[in-house]
Amino acid sequence: MVGRNFFKKFLVVGEKQVLSELEPFFALGLKADSEILYMLGSDGKDIDKNYERVRAMEKQADEISNTLQMEITHGAISSTLMGSLSELVEKCDTIIDSAYFVVREIRRYLNAMGDGNESYRIEVKNAYKTFTEMIKIHIESLEILQRMVQAGNIDQMRQERFQIEEKEEKVDNYKDDLIDNFYRKNGTLPYLTFLHLMEMAHKADDLLDTCEDISDLILNIANSIAV
């Protein structure tokens, strides 16, 4: 039976510290986002190093994920929480997987298209400005998740979770507006550019969806521990 003080203990010294050990994922996510922001504004200059750094982060996140999954399945964790905690770790790992997808997609596109035609280069540049805003919102959401795992207070967690929901809705609107514009401009955009921008819009939105899923899982776990 899980006691009322378990969640605080869980965050600080007990039960393998699984929740507090999620923080490296968020720290890696913030670093990866900074690399993405650079690439979005770089016009393709010196992006290989950014790509390689995020690639290394993705491998590091996999190692953290494997370690935490072992702690969950072999540690002193309540059987009723194992599934939720395992899913939570998997979602946190997805943050870095998605960031790696984004930098790989940017690198492939910019290397393939070069300078390109001026008309659709402007469309790409404008879209990249919106992607930049979406990534900045993702940074804010990661910072909220950091506060959630540090909080140890259900009411504060609920407030933080609500903020992430608002940010996810804002990014969802960005995505819908972008996609509407891409379809309107489809006749003037090369197919590769259209496909690239669509992929980027969906993946940037996925980053916020993942943050919302993580906040839900953290809050659900905290609620189950507190009862």
Side-chain angles (χ1 to χ4, degrees), residues 25-59 61 91 93-145 164-213:
F25 286 117
F26 307 141
L28 285 172
L30 291 169
K31 289 179 181 178
D33 280 351
S34 70
E35 303 289 350
I36 293 171
L37 290 177
Y38 176 86
M39 293 177 78
L40 287 170
S42 70
D43 291 328
K45 297 174 183 176
D46 300 323
I47 58 174
D48 286 343
K49 291 180 180 178
N50 304 94
Y51 165 79
E52 291 297 338
R53 283 193 287 267
V54 177
R55 183 182 182 187
M57 292 176 204
E58 193 267 342
K59 292 179 180 178
K91 289 285 185 182
D93 188 31
T94 298
I95 293 171
I96 319 302
D97 289 340
S98 297
Y100 180 47
F101 176 95
V102 170
V103 298
R104 187 171 52 193
E105 178 65 24
I106 295 171
R107 178 173 176 258
R108 282 174 173 166
Y109 176 77
L110 293 179
N111 285 341
M113 299 303 289
D115 292 337
N117 179 280
E118 185 64 27
S119 62
Y120 71 77
R121 281 185 69 235
I122 292 172
E123 291 297 330
V124 171
K125 191 171 184 178
N126 288 337
Y128 274 23
K129 288 179 181 178
T130 304
F131 295 146
T132 295
E133 294 306 310
M134 295 166 82
I135 295 300
K136 287 179 179 178
I137 294 172
H138 185 243
I139 288 172
E140 294 170 358
S141 297
L142 290 175
E143 290 170 345
I144 291 172
L145 290 175
I164 288 182
E165 182 179 3
E166 289 183 323
K167 292 180 185 301
E168 191 280 329
E169 290 173 358
K170 186 175 181 179
V171 166
D172 198 49
N173 290 332
Y174 274 136
K175 178 200 71 174
D176 286 342
D177 290 345
L178 280 167
I179 291 175
D180 287 344
N181 184 59
F182 299 155
Y183 274 105
R184 284 194 299 268
K185 300 292 179 63
N186 185 39
T188 60
L189 291 176
Y191 175 72
L192 183 61
T193 298
F194 177 80
L195 181 64
H196 167 68
L197 295 178
M198 289 288 285
E199 289 275 12
M200 288 285 292
H202 283 294
K203 189 56 67 173
D205 182 57
D206 286 347
L207 285 167
L208 269 295
D209 287 340
T210 301
C211 284
E212 187 174 24
D213 291 344

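Index from 1, following the sequence. Source: prediction; values computed, not measured.
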More than 12 heavy atoms of other residues, nucleotides or ligands under 6.0 Å from CG of D46: yes or no? no

As an exercise, state the distance from CG of L208 to CD of E168, rounded to the nearest 0.5 Å. 6.0 Å

Counting C-beta onward and ignoring hydrogens, is there a side-chain heavy-atom pair between R55 and Y100 closer than 4.5 Å? yes

Nearest 0.5 angstrom please: I36 CD1 to S42 OG, how far? 12.0 Å

For residues N50 and R107, determine if any side-chain heavy atom of one lies less than 4.5 Å from a side-chain heavy atom of the other. no

May I have the step-by-step check of salt bridge (Lys or Arg N to Asp or Glu O under 4.0 Å) for E105 and K203, ending in yes or no? CA-CA 10 Å; E105 178 65 24; K203 189 56 67 173; over 6 Å; no

Nearest heavy-atom pair of A32 and M57: which atoms, and what distance? N-SD, 3.6 Å

Please tabulate, for the side chains in residues 127-136, all donor-acceptor contacts under 3.5 angstrom to protein atoms that are two or more places apart in sequence or on a different chain.
residue : atom : partner : partner atom : Å
Y128    : OH   : H196    : NE2          : 2.7
T132    : OG1  : Y128    : O            : 2.8

Hey, is NZ on K31 packed in by over 12 heavy atoms from elsewhere, all under 6.0 Å? no

Spatial distance of atom CG (L178) from atom CG (N173) [nearest 0.5 Å]: 11.0 Å

Please tell me if the side chains of Y120 and T188 come closer than 4.5 Å, counting only heavy atoms from C-beta onward. no

Show your working on side-chain contact (heavy atoms from CB on, under 4.5 Å) between I137 and Y174 and close with a plain yes or no. CA-CA 11 Å; I137 294 172; Y174 274 136; 3.8 Å; yes

Drop me the distance from N111's CG to D48's CG, to the nearest 0.5 angstrom. 6.0 Å

Please test E199 against F101 for side-chain contact (heavy atoms from CB on, under 4.5 Å), starting from the C-alpha separation and ending with a verdict. CA-CA 10 Å; E199 289 275 12; F101 176 95; 3.6 Å; yes

Could you give me the CA-CA distance, side-chain angles and deciding distance for V102 and M39, then say whether side-chain contact (heavy atoms from CB on, under 4.5 Å) is met? CA-CA 10 Å; V102 170; M39 293 177 78; over 6 Å; no

Could you tell me which non-hydrogen atom of A201 sits nearest to which non-hydrogen atom of K175, and how far apart they are? O-CG, 3.7 Å

Can you measure from CD1 (I139) to OG (S34) and round to the nearest 0.5 angstrom? 7.0 Å

Distance in Å, I164 CD1 paired with T210 OG1, rounded so as to fall on 0.5 Å steps: 11.0 Å

Mind checking what makes side chain to side chain donor-acceptor pair (under 3.5 Å) contact with D213, not counting sequence neighbours? K91

Side-chain contact, heavy-atom cut-off 4.5 Å: T193 with V124? yes

Are the side chains of V103 and R53 in touch, meaning some heavy atoms are under 4.5 Å apart? no

Locate the shortest heavy-atom distance separating L142 from G29; write the atom from each residue and the value. CD1-C, 3.5 Å

Close side-chain approach of L28 and E58, heavy atoms under 4.5 Å: no

State, with a plain yes or no, whether a side-chain heavy atom of I106 is found less than 4.5 Å away from one of Y51. no

Side-chain heavy-atom pair E123, F182 within 4.5 angstrom cut-off: no

